[in-house]
Amino acid sequence: MADANPTIGELFKSNVVTHDDLNALIDAVLAGRMNAQEELAEGYTLDVAAAVKANAFAPAVLRDKTSSTGARRTATRTAILLARAQKA
């Protein structure tokens with residue numbers, strides 16, 4: 001994690017972000033509760049809405065009414081893991 005703004009995936013690998021944290025973020029997106037900034041461990045934040053919108057694939061999957069719940073969760077998870085966290 002040499003980068004000043006690590007990805008959520010890097011924070012997840014180093015156990016700063018837990019499975020529960022990640023699942024809570026995914027659940028919030030799928031329920032339409034995307035706050036401007038979500039607080040993460042160790043003083044990091046994430047703009048969840050921006051993270052999902054910045055991903056090339058996730059918005060299309062979320063807009064598609066025929067997408068399965070699993071596809072929606074996977075697309076959202078990928079977008080979040082690839083996003084860069086901000087130091088609060």
Side-chain angles (χ1 to χ4, degrees):
M1 286 193 317
D3 192 342
N5 293 323
T7 65
I8 300 301
E10 290 167 338
L11 293 174
F12 183 72
K13 285 180 187 176
S14 64
N15 295 317
V16 172
V17 172
T18 67
H19 284 280
D20 290 341
D21 296 333
L22 186 56
N23 286 329
L25 292 171
I26 294 166
D27 292 341
V29 170
L30 296 180
R33 298 184 321 266
M34 295 188 285
N35 295 330
Q37 294 290 323
E38 287 290 335
E39 303 238 355
L40 302 170
E42 294 190 19
Y44 287 100
T45 62
L46 175 66
D47 183 338
V48 181
V52 172
K53 288 176 187 173
N55 185 275
F57 183 65
V61 173
L62 293 173
R63 276 193 307 268
D64 185 352
K65 303 254 188 261
T66 64
S67 294
S68 68
T69 302
R72 290 171 183 266
R73 287 191 73 79
T74 300
T76 302
R77 176 184 169 90
T78 300
I80 291 169
L81 288 172
L82 293 173
R84 294 226 173 254
Q86 298 298 313
K87 194 71 168 163

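Values in this document were obtained by computation on a predicted structure and should not be read as measured data. All values below come from the heavy atoms of this structure, side chains included, with hydrogens, waters and symmetry mates left out.
- Between the side chain of K13 and the backbone N or O of I8 there is no donor-acceptor pair closer than 3.5 Å.
- Every side-chain hydrogen bond (donor to acceptor under 3.5 Å, both in side chains) that T45 has, sequence neighbours left out, goes to Q37.
- Shown here for N5 and R84, the closest heavy-atom pair between the two residues is O-NH1, 2.7 Å.
- Residue pairs meeting the ring-ring contact (aromatic ring centres under 6.0 Å, His included) criterion with at least one member in residues 5-28, sequence neighbours excluded, are F12-H19.
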Verdict with reasoning, I80 to L22, per side-chain contact (heavy atoms from CB on, under 4.5 Å): CA-CA 8 Å; I80 291 169; L22 186 56; 3.7 Å; yes
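- With sequence neighbours left out, R77 forms a salt bridge (charged side-chain N to carboxylate O under 4.0 Å, His left out) with no residue at all.
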Chi angles and distances behind the side-chain contact (heavy atoms from CB on, under 4.5 Å) call for R33, V48: CA-CA 9 Å; R33 298 184 321 266; V48 181; over 6 Å; no
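- Nearest heavy atom pair, residue T76 against residue I26, reads CG2-CA, 4.1 Å.
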Under 3.5 Å, which donor-acceptor pairs do the side chains of residues 49-63 form with other protein atoms, sequence neighbours left out?
unit_1: N55; atom_1: OD1; unit_2: F57; atom_2: N; d: 2.8
unit_1: N55; atom_1: OD1; unit_2: A58; atom_2: N; d: 2.8

Derivation and outcome, side-chain contact (heavy atoms from CB on, under 4.5 Å), residues Y44 and Q86: CA-CA 5 Å; Y44 287 100; Q86 298 298 313; over 6 Å; no
Check against side-chain contact (heavy atoms from CB on, under 4.5 Å), L46 and L25: CA-CA 10 Å; L46 175 66; L25 292 171; 4.3 Å; yes
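- L81 and L30 fall within a single hydrophobic cluster, where Ile, Leu, Val, Met, Phe, Trp and Tyr are joined by side-chain heavy atoms under 4.5 Å apart, directly or via other members.
- For the side chain to side chain contact (heavy atoms under 4.5 Å, CB included) test, residues two or more places apart in sequence or in another chain that qualify with T18 are D20, D21.
- For T66, the side-chain hydrogen bond (donor to acceptor under 3.5 Å, both in side chains) criterion is met by D64, not counting sequence neighbours.
- Distance check, rounded to the nearest 0.5 Å: CZ of R73 to OG of S67 gives 14.0 Å.
- Across all their heavy atoms, A41 and V16 have their closest contact at CB-O, 3.2 Å.
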